[in-house]
Engineer: 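Please find one structure pasted underneath; my questions will follow.
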Amino acid sequence: MGRLEDKVCIVTGAGSGIGRASAALFAEHGALVVAADVHAEASGVTHHVDVCDEGSTAALARSVVDQYGRIDVLFNNAGIAGVGSLEETSLEAWERVMRVNATGVFLMSRAVVPAMIERRAGSIVNMSSAIAEVGLARRISYAASKGAVLALTKSMQVDLAPFGIRVNALLPGTIMTTFVEDYLRESYADPEDGLRSIRGRQLTGELGKPEDVAAAALYLASDESAFVVGSGLVVDGGLSAGKA
């Protein structure tokens, strides 16, 4: 038996990076995976969703309930990067990052929760970041959005605990995904210099892999974490623990 045997699991942002790795790992452990992404053409994606759009999130939740009769797990993984200091960040860029990263979690959760309340069971995993608790340069919009997700997680948990629904957050450090690869290309004349710099933040001296975060998401999604409620699970290679 897999750790998510026959559980219906929605993973947003499943077209790449942590989302793709999580969808694959969930499936390996017996889940019925709804791999949702705004890029429906991406490899492995089974359902289209725009987490910024209320109608799109509602339609996805409706479709999953119609197909499977329930939703057991929601992994709110979809998100975008935001690079820039206070002076460098336009209002448009700020609002875009906040809408995808924070409002997207709100809309997707609000669409799914009624089905979980009806069954008085469910696990919601929200993608925050270690940056919610550790300041990093030129991450104004991204830090604000991920801090909002962590606070939202705790408040949601208080409201949903009476219905048997658990809500937790993941706080990854720097994970080598396309987001980071793009950032290195755009922000450094020599991307290798940038890579050495961000490696230096981690006590491990290495960046994480999408699979590292997927394993933590699997734990929070599964019944193994039944006594873990309203928490932020740090998966950051020592970023928030301090400097070596």
Side-chain angles (χ1 to χ4, degrees), residues 1-53 56-81 100-101 104-105 107-109 111-113 115-116 121-129 146 149 153 165-172 175-182 207-225 233 235:
M1 293 287 286
R3 294 161 69 185
L4 294 176
E5 197 71 28
D6 294 329
K7 288 186 181 291
V8 178
C9 303
I10 298 175
V11 179
T12 67
S16 64
I18 293 169
R20 178 181 291 178
S22 298
L25 186 61
F26 285 16
E28 285 177 25
H29 283 270
L32 304 170
V33 177
V34 175
D37 200 287
V38 70
H39 302 294
E41 73 284 355
S43 174
V45 171
T46 61
H47 291 68
H48 173 266
V49 71
D50 179 356
V51 297
C52 298
D53 182 82
S56 182
T57 57
L60 176 63
R62 223 171 19 246
S63 171
V64 175
V65 172
D66 287 347
Q67 182 175 359
Y68 296 109
R70 68 189 193 281
I71 300 170
D72 298 300
V73 174
L74 169 62
F75 182 15
N76 279 312
N77 167 74
I80 60 173
V100 176
N101 293 0
V105 172
L107 288 174
M108 196 68 246
S109 299
V112 162
V113 156
M116 292 184 172
S123 176
I124 298 175
V125 182
N126 295 330
M127 182 60 82
S128 182
S129 167
K146 294 304 185 178
V149 170
T153 296
I165 300 168
R166 295 186 301 110
V167 189
N168 293 289
L170 285 170
L171 281 69
I175 309 299
M176 184 51 82
T177 64
T178 54
F179 286 162
V180 172
E181 291 169 356
D182 291 345
L207 301 190
K209 303 182 297 296
E211 292 76 13
D212 295 323
V213 186
L218 173 65
Y219 168 67
L220 291 179
S222 76
D223 293 338
E224 295 168 16
S225 58
L233 178 56
V235 190

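Given the structure is predicted, the values throughout are model-derived calculations rather than measurements.
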Engineer: Hey, does the side chain of Ser129 reach the backbone of Leu171 with a donor-acceptor pair shorter than 3.5 angstrom?
Structural biologist: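 No, the answer is negative, given that no donor and acceptor are paired below the 3.5 Å cut-off.
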
Engineer: Please give me the minimum heavy-atom distance between Asn101 and Lys146, naming the atom from each residue.
Structural biologist: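 Of all heavy-atom pairs spanning Asn101 and Lys146, the closest is ND2-CE, 4.1 Å.
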
Engineer: Would you check if the side chain of Asp72 reaches a backbone N or O of Gly122 as a donor-acceptor pair within less than 3.5 Å?
Structural biologist: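 No; judged by distance alone, with no hydrogens or angles, the pair does not exist.
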
Engineer: Let me confirm one number: the CZ-CE distance from Arg70 to Met116, rounded to the nearest 0.5 Å.
Structural biologist: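 That separation rounds to 11.0 Å.
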
Engineer: For a quick test of reading the model, state the closest non-hydrogen atom pair linking Gly17 to Thr177 and the distance between them.
Structural biologist: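 Closest heavy-atom pair between Gly17 and Thr177: CA-CG2, 4.3 Å.
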
Engineer: For the residue pair Leu170 and Met127, establish whether any side-chain heavy-atom pair is separated by less than 4.5 Å.
Structural biologist: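 Touching, per the 4.5 Å side-chain cut-off.
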
Engineer: Taking the side chain as C-beta and beyond, is there a heavy-atom pair between Leu4 and Cys9 under 4.5 Å?
Structural biologist: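 Sidechains of Cys9 and Leu4: in contact.
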
Engineer: Evaluate the side-chain proximity of Pro210 to Ile175: yes if any heavy-atom separation is below 4.5 Å, no if none is.
Structural biologist: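 Side-chain contact under 4.5 Å: yes.
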
Engineer: I need the Ile18 CD1 to Leu25 CG distance, nearest 0.5 Å.
Structural biologist: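 Nearest 0.5 Å value for the CD1-CG distance: 12.5 Å.
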
Engineer: Would you please test Lys209 and Met176 for side-chain contact (heavy atoms from CB on, under 4.5 Å) and show each step?
Structural biologist: CA-CA 6 Å; Lys209 303 182 297 296; Met176 184 51 82; over 6 Å; no

Engineer: For the pair Asp223 and Lys7, find out whether any cationic side-chain nitrogen is under 4.0 Å from an anionic carboxylate oxygen.
Structural biologist: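 A salt bridge links Asp223 with Lys7.
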
Engineer: Is any side-chain heavy atom of Ile124 closer than 4.5 Å to one of Val112?
Structural biologist: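 No, their side chains stay 4.5 Å or more apart.
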
Engineer: To check you understand the geometry: which heavy-atom pair defines the closest contact between Val45 and Gly15, and what is its length?
Structural biologist: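 In this case the closest contact between Val45 and Gly15 is CG2-CA, 3.6 Å.
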
Engineer: Between the side chain of Asn126 and the main-chain N/O of Ala169, is any donor-acceptor distance below 3.5 Å?
Structural biologist: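 Answer holds: no.
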
Engineer: Over all heavy atoms of both residues, which pair between Phe26 and Ala214 is shortest? Give the atoms and the distance, please.
Structural biologist: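 Of all heavy-atom pairs spanning Phe26 and Ala214, the closest is CE1-O, 4.4 Å.
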
Engineer: Can you give me the closest heavy-atom contact between Val49 and Ala36, atom names plus distance?
Structural biologist: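 What the structure gives for the nearest pair is CG1-CB, 3.5 Å.
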
Engineer: Identify the two heavy atoms, one from Val33 and one from Ala23, that lie closest to each other, and give their separation to 0.1 Å.
Structural biologist: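 Between these two residues, the closest heavy atoms are CG2-O, 3.7 Å.
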
Engineer: Could you check whether any side-chain heavy atom of Leu107 comes within less than 4.5 Å of a side-chain heavy atom of Val51, counting everything from C-beta outward?
Structural biologist: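 Not in contact.
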
Engineer: Without swapping roles, check the side chain of Thr153 against the backbone of Val149 for a donor-acceptor pair under 3.5 Å.
Structural biologist: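 Here the side-chain-to-backbone pair exists.
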
Engineer: Looking only at atom types and distance, does a side-chain atom of Arg166 sit under 3.5 Å from a main-chain N or O of Ser225, one as donor and one as acceptor?
Structural biologist: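 Checked: pair present.
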
Engineer: Please assess Asp50 against Val38 for the test side-chain contact (heavy atoms from CB on, under 4.5 Å), listing each intermediate value before the final yes or no.
Structural biologist: CA-CA 5 Å; Asp50 179 356; Val38 70; 4.2 Å; yes

